[in-house]
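Have a look at this one before I ask anything.
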Amino acid sequence: LCNSVGEKPSAVALKLGISKATVSNWKRRKNGATDATALKIANYFGITVDELKTGIKKEPSIPKDEELDKNDAISNLRDNVLYHFPDATPQDVSALMNAIEGTDLTVQELIRIAEMFKRMSPADRKFVTGIFEAYTEAK
């Protein structure tokens, strides 16, 4: 990695606040980097900690059409929720989206959703119920 950026390991270590003794111990395989140090090094070189440890650069994965369709559907659903509930806080919308997507909810999210339902008109309650039903059937 150091060669790829034209630097010596000691220079990189100095920039990252890692002692020469620590680098020497790594070279002699006396010990390895701590998780925090490995993350610092990986970030410096723009790679993941896993790539640093294995030496294998992972290619970014290209999402499949089904994944893109699901992401589009979730984005459209969020837009619909925001349209119907313009006064909702980001936390309210997040809680409602988690409920719709079937994510395990925290107590705070359940309380938010209950409070939202109290404020909803009958038409809005019907809209949200319809979303739950449609999303459940699509799964």
Handout entry: E7 side, atom CD; K15 side, atom NZ - distance, nearest 0.5 Å
Key = 3.5 Å

Fill in the blank from the handout: Smallest heavy-atom separation, P9 atom then C2 atom, equals CA-SG, 3.6 Å

Exercise for the section: State, without any angle test, whether T22 and N25 hold a side-chain donor-acceptor pair at a distance under 3.5 Å. Expected result: no

Handout entry: Minimum heavy-atom distance between L1 and F45, given as atom pair plus value
Key = O-CE2, 3.4 Å

Completion exercise
For A33 and A38 the tightest heavy-atom approach is CB-N, 4.1 Å

Handout entry: I111 and V107, any side-chain heavy atoms less than 4.5 Å apart
Key = yes

Problem - Single-linkage hydrophobic cluster L39~I47, side-chain heavy atoms < 4.5 angstrom - result: no

Exercise for the section: Kindly check if the number of other-residue, nucleotide or ligand heavy atoms within 6.0 Å of CG (D35) is above 12? Expected result: no

Exercise for the section: Taking atom CG of D104 as the centre, report whether more than 12 heavy atoms of other residues, nucleotides or ligands fall under 6.0 Å from it. Expected result: no

Fill in the blank from the handout: One should read off an interatomic distance between I18 CD1 and T34 OG1, to the nearest 0.5 angstrom, of 8.0 Å

Exercise for the section: Could you tell me whether the side chain of R125 and the main chain of M120 form a donor-acceptor pair under 3.5 Å? Expected result: yes

Handout entry: Spatial distance of atom CE (M97) from atom CG (L82) [nearest 0.5 Å]
Key = 8.5 Å

Practice task
Verify, without hydrogens or angle tests, whether S24 (side chain) and K20 (backbone) share a donor-acceptor contact under 3.5 angstrom.
Solution key: yes

Practice task
Determine whether W26 and L14 fall in the same hydrophobic cluster, where Ile, Leu, Val, Met, Phe, Trp and Tyr are linked whenever their side-chain heavy atoms lie under 4.5 Å apart.
Solution key: no

Problem - Donor-acceptor contact below 3.5 Å, side chain S94 vs main chain P90 - result: no

Problem - Spacing of CG belonging to D87 relative to CE belonging to M116, to within rounding of 0.5 Å - result: 10.0 Å

Fill in the blank from the handout: Per side-chain contact (heavy atoms from CB on, under 4.5 Å), R112 is matched among T89, L105, L96, V93 by T89

Handout entry: Reported CZ-to-CZ distance for the pair F127 and F85, which is rounded to 0.5 angstrom
Key = 6.0 Å

Practice task
Look only at the side chain of K40 and the backbone of L16, and say whether a donor-acceptor pair between them is shorter than 3.5 Å.
Solution key: yes

Handout entry: Straight-line distance of L52 CG to Y44 OH, nearest 0.5 Å
Key = 13.5 Å

